[in-house]
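Predicted, not measured: the structure shown is a model, and the values here were computed from it. Note that ligands are numbered from 1 as they come in the structure, with each ligand's atoms numbered from 1 the same way.
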Amino acid sequence: MQLYSLTLSQARSMLQEGRVSAVELTRAVLERIDSLDSRINAYITVDPEGALEAARRADSAIAAGNRQALTGIPVAVKDLICTRRMPTTCGSRILKNFRPPYDATVICRLEEQGAVVLGKLNMDEFAMGSTNEHSAFGPTRNPWDLERIPGGSSGGAAAAVAADMCLAALGSDTGGSVRQPASHCGVVGLKPTYGRVSRFGLVAFASSLDQIGPLCKTVADAAVVLEAISGHDPADSTSVPEPVPDYASLLEGDLKGLRIGLPKEYFRVEGLDAGVRQAVEKAVRVLVDLGAGVVDISLPHSRHAVAAYYVIAPCEASSNLARYDGVKYGLREKEQDGLVAMYNATRSRGFGAEVQRRIILGTFALSAGYYDAYYGKASQVRTLIVDDFKQAFEKCDVIAAPVAPTPAYRLGETIDDPLAMYLSDVFTLAANLAGIPALSVPCGMADGGLPVGLQLMGAHFDEATLLKVGHRFEQAAGIDAKPQLD
Ligand code: GLN
């Protein structure tokens with residue numbers, strides 16, 4: 001077995017037992033990136049020197065008996081998480097050369113836990129998109145089929161984990177951007193409860209929905225990373241001072257008595273691929289064999305989730321992205337005739353088409369006279385969606401659903417049809433609107449040998465149950481196929 005194909009948990013044991021050094025492991029992964037990433041384009045920035053220096057520090061820490069949860073583990077982060085030693089582009093031309101003056105809280109936590117940060121991962125510009133085609137740095141390709149999208153917006157993160165170009169990654173999920181690419185690339189992705197992980201230093205897209213989450217090779221690995229990055233942060237007033245469980249120790253355990261809710265509306269969605277439906281239904285049967293029971297539930301307002309999200313997210317984005325004006329950050333286009341012309345030139349040339357579309361949509365919806373009709377109404381719908389989940393969790397412990405209606409589609413298929421792309425988020429948006437945690441775990445293959453994910457949604461702050469169910473499923477189903485890249 002190659003060193004780069006180790007899971008995080010396997011690498012931890014090998015480092016602990018002295019069977020590999022952090023420097024050897026980091027070199028192996030850097031070489032993997034070198035040999036593969038010209039075909040996949042998962043990374044925007046790789047920092048070999050910084051990574052090897054961190055690996056040397058990790059080896060000294062291990063030698064001194066100071067091992068932390070992630071000591072010596074090579075990881076990478078989506079390029080909208082601020083890093084002092086590397087640029088943070090958000091996949092945008094407007095921030096092409098932006099180097100933040102500080103590290104995000106999650107970066108500090110990864111480093112305190114001894115992780116080796118290899119580089120920054122490709123993404124749809126400002127996390128707006130579901131395909132990774134909306135990146136100013138070119139699309140990322142799906143390791144299972146290089147002519148297909150990896151999903152988005154954390155497509156670089158999912159592709160890098162799937163192709164063994166890091167042992168684990170951090171993405172962000174505003175409407176599905178951790179879970180959907182994880183599903184399309186056959187890796188595990190977790191969106192934590194809103195407030196579980198600090199957003200300090202996460203470049204804002206839609207602040208009431210954004211949450212950082214891990215993408216990993218196994219559920220057990222995701223438990224380790226989640227624990228490392230979770231917890232209250234005085235620098236983020238929306239992070240919640242709830243104690244952080246020892247997630248990794250809660251993975252085993254019985255599923256007897258566990259109630260799995262199947263939302264009837266989710267399985268009636270038009271355009272749900274037969275292979276995806278079969279894989280998800282089969283996964284539920286595996287959970288039943290493990291002792292869980294199934295209950296039918298209803299999430300009646302989920303059919304409005306796409307409409308509500310595509311008002312709320314662009315509104316918040318239009319406000320958050322007002323700060324990129326050529327004065328304070330990144331790109332400034334030189335214009336001769338005044339400040340307003342400079343703003344216009346910078347924003348017109350700095351932002352790509354999808355980001356401009358969202359800014360225009362959000363600015364329009366927030367304009368005087370329209371607020372009540374759009375943002376106000378969408379917020380009311382959001383409350384109804386929250387109530388649906390509250391009622392559902394009285395009847396069940398986790399909700400099982402597909403992640404995306406189809407497996408990864410071909411590059412270019414929705415590039416001129418934004419509405420089709422928005423509609424493909426139908427299964428993931430509600431969890432963000434409600435702030436609940438949700439996990440995507442590989443559950444099989446659809447036609448064409450493309451991975452399919454099972455989505456498990458849980459009650460607020462009940463990541464532990466999701467991880468336990470996901471872990472037990474993973475062990476029982478034994479899905480361990482890998483993309484053929486060599
Ligand atoms: N695909 C969704 C969007 O384009 C979600 C993106 C995300 O979660 N960052 O808005």
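Using a 4.0 Å cut-off between heavy atoms, F126 makes no contact with ligand 1 at all. Of all the heavy atoms of K191, none lies under 4.0 Å from any atom of ligand 1, so neither backbone nor side chain is involved.
The protein non-hydrogen atom at the shortest distance from atom 3 (C) of ligand 1 is Y310 OH, 3.2 Å. The closest protein non-hydrogen atom to atom 10 (O) of ligand 1 is Y309 OH, 2.6 Å. Atom 2 (C) of ligand 1 has its closest protein heavy atom at D425 OD2, 3.1 Å. Nearest protein neighbour of atom 6 (C) of ligand 1, counting heavy atoms only, is S177 OG, 2.9 Å.
Relative ring orientation between F351 and F126 is described as perpendicular, the plane-to-plane angle rising above 60° on a 0-90° scale split at 30° and 60°.
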Original post:
Please walk me through it: do Q180 and S130 pass side-chain hydrogen bond (donor to acceptor under 3.5 Å, both in side chains)?
Top reply: CA-CA 8 Å; Q180 183 257 23; S130 313; 4.8 Å; no
**OP:** With side chain to side chain contact (heavy atoms under 4.5 Å, CB included) as the test, would you mind laying out the steps for L272 and F427 before giving the verdict?
**Re:** CA-CA 10 Å; L272 176 58; F427 297 125; 4.1 Å; yes
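Looking at heavy atoms from C-beta onward, K78 lies in side-chain contact with S153 at the 4.5 angstrom threshold.
With ring centers used as reference points, Y422 lies 6.0 Å or more from Y309.
In terms of N/O distances under 3.5 Å, ligand 1 is not approached by K78. No N or O atom of F205 sits closer than 3.5 Å to an N or O atom of ligand 1. Inclusion of S172 in the set of residues having an N or O under 3.5 Å from an N or O of ligand 1 is not warranted. The N/O atoms of G175, backbone and side chain alike, include one that comes under 3.5 Å of an N/O atom in ligand 1. Between A127 and ligand 1, an N or O atom pair is found at a separation short of 3.5 Å.
Using a cut-off of 4.0 Å between Lys/Arg side-chain N and Asp/Glu carboxylate O, E354 and R357 are scored as salt-bridged. Between D233 and R109 there is no salt bridge, since none of the side-chain N atoms of the basic residue sits less than 4.0 Å from a carboxylate O of the acidic one.
Other residues, nucleotides and ligands contribute more than 12 heavy atoms inside 6.0 Å of the OH atom of Y266.
Ligand 1 is approached by R358 to a heavy-atom distance shorter than 4.0 Å. Taking 4.0 Å as the cut-off, G129 counts as a neighbour of ligand 1 on heavy-atom distance.
The only option from D79, T89, T140 that meets the side-chain hydrogen bond (donor to acceptor under 3.5 Å, both in side chains) definition with N122 turns out to be T140.
Within the listing of ligand 1, atoms 1 (N) sit less than 4.0 angstrom from a heavy atom of S130.
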